[in-house]
There are 2 protein chains.
Amino acid sequence: MDDASAAREAVEAGLDAGELVTVFGRCRVDYDGRASSELGPGDRLLVLKPDGTALVHTDEGHQPVNWQPPGCDHEARLTDGELHVHSVRTTPEETLDVYFASVAAVNRYAVTDDSELSVSGTEADLREHVLESPSLVEAGFEPRATERETAAGAVDIYGVDADGNAVVVELKRRRVGPDAVGQLDRYVTALRRESHDGTTVRGILVAPSVTERASELLAEQGLEFVALEPPE
Amino acid sequence: MDDASAAREAVEAGLDAGELVTVFGRCRVDYDGRASSELGPGDRLLVLKPDGTALVHTDEGHQPVNWQPPGCDHEARLTDGELHVHSVRTTPEETLDVYFASVAAVNRYAVTDDSELSVSGTEADLREHVLESPSLVEAGFEPRATERETAAGAVDIYGVDADGNAVVVELKRRRVGPDAVGQLDRYVTALRRESHDGTTVRGILVAPSVTERASELLAEQGLEFVALEPPE
DNA sequence: GATTCTATCTCGCTG
DNA sequence: CAGCGAGGTAGAATC
């Protein structure tokens with residue numbers, strides 16, 4: 001399709017009909033909002049979703065080179081004889097403008113999708129695994145609560161060990177770095193502060209493995225590590 | 001069917017030609033790798049990029065419901081009479097399988113895109129801003145190094161204050177939570193340990209704003225905060 | 001390759 | 001609405 005006017009009408013009609021619209025062609029892109037960006041001419045795929053999402057994809061990469069999140073208002077204009085897709089949102093105020101020097105194709109698809117994605121191997125699965133078999137953490141460990149609130153946030157699993165000490169368990173589904181140790185340390189520190197008596201509070205990081213620096217941090221903070229993979 | 005066979009050939013031809021290929025139709029999706037997932041039938045857009053990226057998009061959301069990162073091998077098969085796109089990668093081993101019960105359209109696009117995206121308003125811009133006008137942090141602040149290495153990682157900006165104390169500056173381009181305070185604290189702690197003499201080490205978080213919990217953490221750790229927006 | 005950190009992160013949940 | 005943390009985070013820089 002070489003006619004910008006016809007392209008504009010096709011895009012607008014698709015948007016009005018609540019369809020998923022794709023435009024392939026040579027375009028440049030301007031974004032302004034939380035940051036701002038400019039992108040010179042190139043061949044790209046523009047995807048406009050009925051929920052107000054916009055995606056500009058190049059020939060490379062998982063991530064769109066430019067985008068607009070769900071909830072935006074899209075508009076197809078004719079600006080200086082070019083197809084111009086203008087997308088706006090508020091809080092924060094952000095605008096995306098895609099100018100097509102040429103349009104190779106506009107496609108419209110009516111979509112119905114009622115299926116839910118079911119994922120396994122998540123942190124929630126790891127939590128269930130530990131709750132079903134607390135001895136995986138250590139012999140005598142007894143979980144008492146999940147998502148237990150502290151001043152520093154919610155603890156993944158809170159419980160007691162065989163000696164009656166309080167235990168904070170932080171779960172991670174994959175190999176962890178220093179950030180997870182900091183997270184665990186914040187919870188342990190908060191709980192020590194909150195327990196007025198002399199209760200000992202232990203912190204245990206449960207994950208498949210830790211990096212070297214994270215391991216050093218654990219040692220420094222007197223925290224512990226238990227190697228455990230998420231099930232499945 | 002004849003349909004599926006033609007679709008398979010179109011997809012395979014596009015992949016062979018190094019083109020960007022899109023398939024719209026009713027499909028189900030299986031993923032197995034770092035985690036695993038199942039997705040029942042629905043109308044979706046499959047995007048196959050010449051760099052080995054695969055994206056499955058529904059009618060909603062910024063994120064693809066399933067995907068495969070760059071560097072994968074895509075293959076278009078005919079399985080039980082259906083178009084079946086099979087994508088594999090290694091390290092980690094991951095597979096994505098998309099089975100189309102029906103194909104509404106297969107589109108192929110030859111892509112050339114040489115333009116670079118230029119973004120502004122990033123953390124790097126904020127760093128330049130501070131280095132050009134160190135007094136934005138505080139009067140008398142003198143930057144001495146960027147990305148200065150410590151046992152806990154690289155410090156954004158390292159310098160000295162008017163009294164000759166060491167100063168660690170952690171930059172964030174937007175409002176920050178507890179994680180950033182933890183990061184700054186790790187750097188300050190590491191530097192205090194590394195400076196054998198009695199040098200005072202101050203930690204300053206530079207960001208547009210902080211959350212309440214982050215503010216409390218800053219106070220607890222004896223760290224400071226300076227409000228500063230990224231330029232532009 | 002592994003590690004670390006940024007990101008217009010997105011997303012979901014909770015208060 | 002903001003805050004907080006998970007994510008198959010992805011991507012980049014560095015070692």
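Predicted model, so just to flag it, every value in this text is computed and none were measured.
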Roughly how far apart, to the nearest Å, are [N] and [M] at atom [atom1]?
| N | M | atom1 | value |
| --- | --- | --- | --- |
| D:dT14 | C:dT8 | C1' | 25 Å |
| D:dG7 | C:dA7 | C1' | 13 Å |
| D:dC4 | D:dG8 | P | 23 Å |
| C:dC9 | C:dC5 | C1' | 13 Å |

Would you please name every residue forming a side-chain hydrogen bond (donor to acceptor under 3.5 Å, both in side chains) with [X], sequence neighbours left out?
| X | result |
| --- | --- |
| B:R108 | B:E19 |
| B:N66 | B:S37 |
| A:T53 | A:D51 |
| B:Q221 | none |

Checking A:H62 now: which residues fulfil ring-ring contact (aromatic ring centres under 6.0 Å, His included) with it, not counting sequence neighbours?
B:W67
With sequence neighbours left out, which residue pairs that include part of residues 33-49 of chain B fulfil the salt bridge (Lys or Arg N to Asp or Glu O under 4.0 Å) condition?
A:D113-B:R44, B:R26-B:D43, B:R34-B:E94
Is the positively charged end of B:R144 above the ring of B:Y158, judged by distance under 6.0 angstrom from the centroid and angle within 45° of the axis?
no
For nucleotides 7-15 of chain D, 5' to 3', base contacts (B), sugar-phosphate-only contacts (S) and non-contacts (-) with protein non-hydrogen atoms under 4.0 Å give SBBSS----
Neighbours of DNA chain C within residues 206-215 of chain A, by heavy-atom distance under 4.0 Å
A:T211, A:R213
Walking along DNA chain C from 5' to 3', note the first and the last nucleotide with an atom under 4.0 Å from a heavy atom of chain B, and give both.
C:dG1 to C:dC11
Can you name the residues that form a side chain to side chain contact (heavy atoms under 4.5 Å, CB included) with B:S215, not counting sequence neighbours?
B:V210
Please list, chain by chain and in numerical order, all residues satisfying side chain to side chain contact (heavy atoms under 4.5 Å, CB included) with B:P50, sequence neighbours excluded.
A:D59, B:L20
Using a strict heavy-atom distance below 4.0 Å, which residues from residues 225-232 of chain A are in contact with DNA chain D?
none
